Amino acid sequence: MEWNEMAVAAFALLGAGIAMIGGGFGPAIGQGYAAGKGAEAVGRQPEAQGKIMTTMLLGQAVAETTGIYSLVVALLLIGIVNKIL
Amino acid sequence: MLNLDPVTFIIMIVNLIVLYILLRWLFFKPVNNFLEKRRQKVHDDLDNAQRDREEAQRLLEEHRQLVAENKQEAAKIIDNAVRQADMRKEEIIAQAGQEAAAMLERAKAEIAQEQVKVMEELRADISNLAVAVAEKMLARNLTAQDQEAIFTAVLEELESHAN
Amino acid sequence: MSSLDEVLEGAKTVFTVFGLPITESVVNTWLVMAVLIILAIVLRRNLQMYPDKRQNIVEIIVEGLTGLVTSTMGPKNKNFTPFIGTVFLLIAFSNILGIFGLRSPTADFSVTFAYGIVTFFCIHFFALKAKGWSYIKGFGQPFIFLLPINIIGEVAKPFSLGMRLFGNLLGGSVIMAMISGAIAIFVPAVASIYFDLFSGFLQSFIFIMLTMVFITIAKDDDD
């Protein structure tokens with residue numbers, strides 16, 4: 001394997017890892033915040049638990065999108081590495 | 001992996017539409033129709049039950065009213081009878097009192113009459129007797145004048161005695 | 001369980017018809033469709049006034065979906081239930097396929113993007129039908145300068161719907177492949193319950209929830 005290719009593979013893997021750091025932090029914090037607010041809301045209004053649950057899951061799903069994007073980017077980068085090696 | 005495969009893409013769209021049509025035709029429509037039918041039936045049954053209950057309530061109310069009316073009437077009848085009996089009793093008692101009074105009256109009148117009669121008889125007897133006694137004692141016939149005098153005297157004496 | 005390389009490689013071509021490659025995803029989707037249609041026919045047979053166990057399942061599925069649709073989209077959009085139910089059942093069963101060691105069709109971007117595109121056309125078709133010309137004018141609101149941003153936001157919807165489902169499923173498959181590569185017994189079974197069953201149901205639920213919300217907002221919002 002060329003040195004060039006090795007460098008590309010190394011940086012691609014590094015990029016995948018960095019992408020997952022960012023993509024892991026953001027959604028994790030956002031989803032945790034949503035879950036906390038959801039728990040608060042259930043504590044305030046236990047009778048509306050079903051609606052709060054649905055809204056919370058929906059919001060978390062939207063917040064998760066950025067994390068999924070970074071996962072896809074990371075997988076693409078790993079795919080490049082697989083193609084090279 | 002992330003490259004878009006047009007064949008898969010188009011087949012999946014067709015798949016989804018076909019499955020939608022099939023499931024709607026085979027599953028959702030018949031089940032929904034059935035559920036709707038059952039909902040209608042339950043609704044009708046509940047309506048019927050409600051109507052029957054109202055009817056029963058109405059009948060019960062009617063019967064209750066009837067019984068109450070009958071009771072009232074019976075009470076009235078009994079009341080009337082009692083009142084009539086009372087009246088009749090008063091009447092009978094009053095009549096009896098009247099009769100008794102009349103009887104007493106009559107008896108008293110009879111007694112008075114008898115008394116008068118007896119007194120009259122006695123008076124006649126005594127005067128006759130006195131005359132006879134005086135005749136005998138004198139053993140002779142008195143003049144009419146004497147007779148009259150003696151008679152009057154005796155009568156007066158008797159009268160004062162009698163009173 | 002397929003190995004990590006197989007998962008990352010993407011769907012293999014099983015056979016070709018007239019030179020068109022038919023991939024594993026399509027074949028697995030046909031399998032899911034066949035299962036769903038057979039289940040539908042078997043479950044729907046002779047419905048009775050006094051339900052038995054089988055009929056209870058049918059009623060729970062149909063009434064649950066109807067309740068979800070009416071509570072999310074409003075009672076006047078009850079007729080969307082068959083479409084939403086079909087999407088839900090198809091995606092849920094596709095996601096669960098991983099538990100049988102088969103490749104989930106939804107871990108293929110071509111598949112999830114197809115579902116997203118169908119949703120996209122649904123959104124705009126019903127919005128145009130309900131609002132007409134004013135719906136198109138609505139893209140220029142509140143300023144005409146926002147027109148490109150609004151259009152990009154609309155075009156992003158099928159991508160984000162497809163990406164979300166695909167990313168979650170592929171992530172789950174990758175992690176499952178890694179776990180089964182590392183430990184062969186017991187642990188993959190437990191992990192499979194979370195990644196295939198729970199996550200699969202949750203993702204299909206989120207997909208139909210977002211679909212319903214998008215359609216309702218585009219169709220019924222007055223502004």
Side-chain angles (χ1 to χ4, degrees), chain A residues 8-9 12-28 30-35 37-39 41-42 45 47-85, chain C residues 3-11 64 67-73 88 91 106-110 112-113 116 153 156-175 177-178 195 198-214 216-217:
Chain A
V8 167
L13 287 175
L14 189 64
I18 293 170
M20 279 325 289
I21 291 173
F25 259 113
Q31 290 187 346
Y33 190 70
K37 284 288 179 192
V42 173
Q45 266 180 304
E47 69 277 0
Q49 197 200 5
K51 255 197 146 49
I52 291 166
M53 184 95 151
T54 312
T55 314
M56 188 190 81
L57 282 177
L58 212 60
Q60 287 186 332
V62 174
E64 202 184 31
T65 311
T66 53
I68 295 297
Y69 287 161
S70 64
L71 173 71
V72 170
V73 169
L75 287 171
L76 273 176
L77 291 171
I78 295 171
I80 289 170
V81 175
N82 272 2
K83 225 173 260 170
I84 291 168
L85 295 182
Chain C
S3 74
L4 189 54
D5 287 340
E6 278 174 52
V7 171
L8 288 179
E9 202 174 284
L68 188 68
V69 170
T70 43
S71 74
T72 314
M73 303 180 77
F88 176 73
I91 295 178
T106 35
D108 185 341
F109 184 60
S110 307
T112 57
F113 186 61
K157 271 176 190 170
F159 282 98
S160 92
L161 274 176
M163 279 286 188
R164 181 175 300 113
L165 192 55
F166 159 72
N168 271 296
L169 263 289
L170 185 70
S173 309
V174 167
I175 292 170
M178 285 161 115
F195 286 112
F198 176 73
S199 179
F201 265 116
L202 193 64
Q203 288 310 319
S204 45
F205 175 71
I206 285 165
F207 191 93
I208 60 161
M209 281 302 288
L210 286 172
T211 302
M212 286 192 282
V213 169
F214 287 154
T216 314
I217 287 173

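Just so we're on the same page: letters track the sequence lines, and every chain starts at 1. None of the values given here were measured: they were computed from a predicted structure.
- You'll find the side chain of C:Leu210 reaches within 4.5 Å of the side chain of A:Val62, heavy atoms only.
- A distance of 4.5 Å separates CD of A:Glu64 from CG of C:Asn168, quoted to the nearest 0.5 Å.
- Summarising the geometry, atom CG belonging to A:Leu75 is positioned 13.0 Å from atom CZ belonging to C:Phe109; distances are rounded to the nearest 0.5 Å.
- Heavy-atom contacts from other residues, nucleotides or ligands closer than 6.0 Å to CE of A:Met20 number more than 12.
- Closest heavy-atom contact between C:Gly167 and A:Ile68: CA-CG2, 3.6 Å.
- Remark: C:Ser199 pairs with C:Gln203 by the side chain to side chain contact (heavy atoms under 4.5 Å, CB included) rule, at least two apart or across chains.
- Atom-to-atom distance recorded for A:Thr65:OG1 and C:Arg164:CZ is 3.5 Å, nearest 0.5 angstrom.
- For residues 47-58 of chain A, a heavy-atom distance under 4.5 Å to chain C picks out A:Lys51, A:Thr54, A:Leu57, A:Leu58, given by residue number.
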